[in-house]
Amino acid sequence: MTKWFIYNKKGNLKNNLKIKGISKLEALLLANRDIVDKEVVEMFINPSLDKLHDPFLLNDMNKAKDLLLYAIENNQKIRIFGDYDQDGISSVITLLDGILYFYDNIDFDIPDRVSDGYGVSKRMVQKAYDDDVKLVITCDNGISAFDEIQLLKEKGISVILTDHHQIKKEEKGEWINQVLPEADAIINPKRLDSTYPFSDLCGAGVAFKLIQALFISLGGEFEYLYSLLEYVAMGTVCDVVDLVDENRIFVIEGLKRMNNTSKAGIKAIINENSWNKEIDSYTLGFVIGPCMNATGRLSSAKFAVEMLLEDDYDKALEYARNLVDLNNERKLLTQNGLDEALDLIEENKLYKNDILVVYCPKIEESICGIAAGRIKEKYNKPTIVLSNSSKEGILKGSGRSIEAYNIHKEIVPYSQKLESFGGHPMACGLSIKKELLDDFNKFLNENSPLKKTDFEKIINIDYKIDISKLSLEFAESLIHLKPFGKKNPKPIFADKNVNIKRLEMIGKDKETMKLVLEKNNVTVNAIKFKALEDYKYLKENQKSGVKKIDIVYYPDINEFRGEKTLQLRIIDLR
């Protein structure tokens with residue numbers, strides 16, 4: 001059974017109540033999310049572009065700006081090295097569109113997931129040299145590309161490295177030193193010597209900071225600069241970074257512009273997905289994002305960048321149709337791969353392990369990350385899914401983790417034995433010799449720091465509120481706290497001894513449960529998705545004469561024929 005806990009952060013709440021211009025509800029919700037610094041609270045409650053941090057506070061930003069200006073002034077060829085996921089695509093287009101405002105001797109390259117693998121490859125380095133590139137800018141990668149960056153330098157190519165992934169560290173006694181590639185400038189807010197106010201930018205966010213510095217230096221039009229936040233918002237939501245501080249501003253401002261976009265590529269992908277509602281963080285994470293990611297998984301992420309670069313709507317629509325087709329193919333492959341992985345876990349009783357390491361010979365290599373995420377959700381355990389790579393005897397895959405387990409940190413001690421490795425606390429990518437698989441599995445599980453309680457599913461509740469005291473106005477007041485996501489989840493409330501007045505299953509597949517709840521003579525409509533088991537459970541209780549339940553819920557708004565009404569979204573019940 002899922003455990004319910006009501007936050008009890010009285011110290012945080014006491015602190016926030018002292019801040020002017022904040023309501024008691026906002027003070028409580030931010031306290032529960034450990035948002036207590038006065039400036040961060042102010043950014044959260046009143047997000048605006050003038051609160052973005054100075055890009056020159058990032059290490060090496062002045063060096064990077066000078067290198068970029070030198071290349072522009074001397075008409076040198078510039079190439080951007082990106083990555084094949086949504087954040088990588090967003091990073092590339094942010095840099096491209098931003099630099100193209102001033103200069104057009106620029107292009108991009110993105111690794112092929114199968115032939116190149118993650119990050120900068122030797123093939124990309126050689127091609128840059130053959131094409132007489134003089135400046136390479138990496139984005140969403142590069143911090144672990146030691147050999148490739150050195151090779152670029154040996155070939156006389158300057159390198160600006162922009163990334164947000166974890167820095168390699170060396171421990172010498174009590175000292176911890178960072179180990180950085182030999183790039184000319186390294187912009188990464190996770191540098192150990194960073195004094196930048198916010199460290200959890202995604203790759204597109206870091207790329208934007210470089211373009212922001214360029215616009216400040218060259219006097220570019222700032223409304224054009226801020227139009228790039230349409231791309232940055234995509235990367236920020238899809239890379240699941242903390243939606244606080246600058247990231248919150250990026251997403252709010254990006255969505256604002258995206259809903260009135262003039263960008264043909266964005267219009268095309270929205271229309272091809274038949275999305276006719278307001279574009280929000282859900283649209284980015286579950287509609288646009290998967291289409292973009294599908295290109296890197298099954299084809300080439302370059303198609304997504306080309307679509308976003310396209311000014312002609314009809315041509316952009318052709319790209320968008322291809323992306324949607326690829327995503328539909330990806331969905332089928334994902335289900336087949338997931339079914340295989342789950343069968344292996346059950347057959348081999350892998351679910352008994354702390355860390356699930358699953359080798360699926362038949363699964364598409366590009367689907368490993370998605371499958372790992374789904375399995376992690378099912379078992380609430382860190383999961384790594386591996387498949388055969390194009391190289392004989394080498395397995396390749398991805399990992400997804402839970403809050404209690406820093407998957408990057410735990411694999412680092414073994415990383416010298418791996419063919420490749422990179423990532424952050426919640427996700428990683430790696431390749432390994434097949435012969436080392438059992439040893440790797442044994443190493444992770446024997447060194448697991450996890451306790452039994454770490455695997456228990458927990459719901460953290462913001463406050464207990466009697467449903468009879470709720471109103472449409474209360475639900476609408478929560479909209480101000482959007483966008484919801486990591487470190488800013490939807491506000492969740494609870495109530496006890498609620499009467500069930502009516503109960504039915506609705507929808508095409510009859511998997512959605514609709515309830516009419518009552519307390520203190522006040523009735524409230526409620527809904528719960530994928531609730532067939534809950535429905536059976538409640539029906540059995542009713543036969544036994546039990547008609548009251550405890551609920552965890554989110555106060556939502558139902559819109560039907562232009563009329564808005566309060567509707568509870570049930571998260572859990574008992």
(message) Regarding E318 and N322, do their side chains bring together a donor and an acceptor under 3.5 Å, going by distance alone?
(response) no
(request) Using distance alone, with no hydrogens and no angle criterion, decide if E223 and S227 have a side-chain donor and acceptor under 3.5 Å apart. (result) no
(request) Tell me, please, which residues at least two apart from D509 pass salt bridge (charged side-chain N to carboxylate O under 4.0 Å, His left out). (result) none
(message) Assess whether a salt bridge exists between E230 and R257, defined as any Lys/Arg side-chain N lying under 4.0 Å from an Asp/Glu carboxylate O.
(response) no
(message) Could you check whether S121 and D116, counting side-chain N and O atoms only, form a donor-acceptor pair closer than 3.5 Å?
(response) yes
(message) Closer than 4.0 angstrom, basic N to acidic O: yes or no for K417 and D439?
(response) yes
(request) Could you tell me whether the side chain of D280 and the main chain of P483 form a donor-acceptor pair under 3.5 Å? (result) no
(request) Could you list the residues that satisfy ring pair (Phe, Tyr, Trp, His ring centres under 6.0 Å) with F443, not counting sequence neighbours? (result) Y414
(message) Check this for me: K190, atom NZ, are more than 12 non-hydrogen atoms of other residues, nucleotides or ligands nearer than 6.0 Å?
(response) yes
(request) Identify whether the distance between the nearest side-chain nitrogen and carboxylate oxygen of K77 and D132 falls below 4.0 Å. (result) no
(message) List the residues meeting ring pair (Phe, Tyr, Trp, His ring centres under 6.0 Å) with Y101, not counting sequence neighbours, and say none if there are none.
(response) F215, Y224
(message) Considering only residues two or more places apart or on different chains, which pairs with a residue in residues 296-312 satisfy side-chain hydrogen bond (donor to acceptor under 3.5 Å, both in side chains)?
(response) D109-K302
(request) Decide, yes or no, whether a salt bridge links E246 with K209 under the criterion of side-chain N to carboxylate O below 4.0 Å. (result) yes
(request) May I have all residue pairs that pass ring pair (Phe, Tyr, Trp, His ring centres under 6.0 Å) and include part of residues 286-311, sequence neighbours excluded? (result) Y282-F286
(message) So that I can tick it off, tell me whether D112 and R123 are bridged by a salt bridge, with the cut-off set at under 4.0 angstrom between side-chain N and carboxylate O.
(response) no
(message) Applying salt bridge (charged side-chain N to carboxylate O under 4.0 Å, His left out), can you list everything that pairs with K153, at least two apart in sequence or on another chain?
(response) D184
(request) Would you mind checking if R374 and E377 are paired as a salt bridge, meaning a charged N to carboxylate O distance below 4.0 Å? (result) no
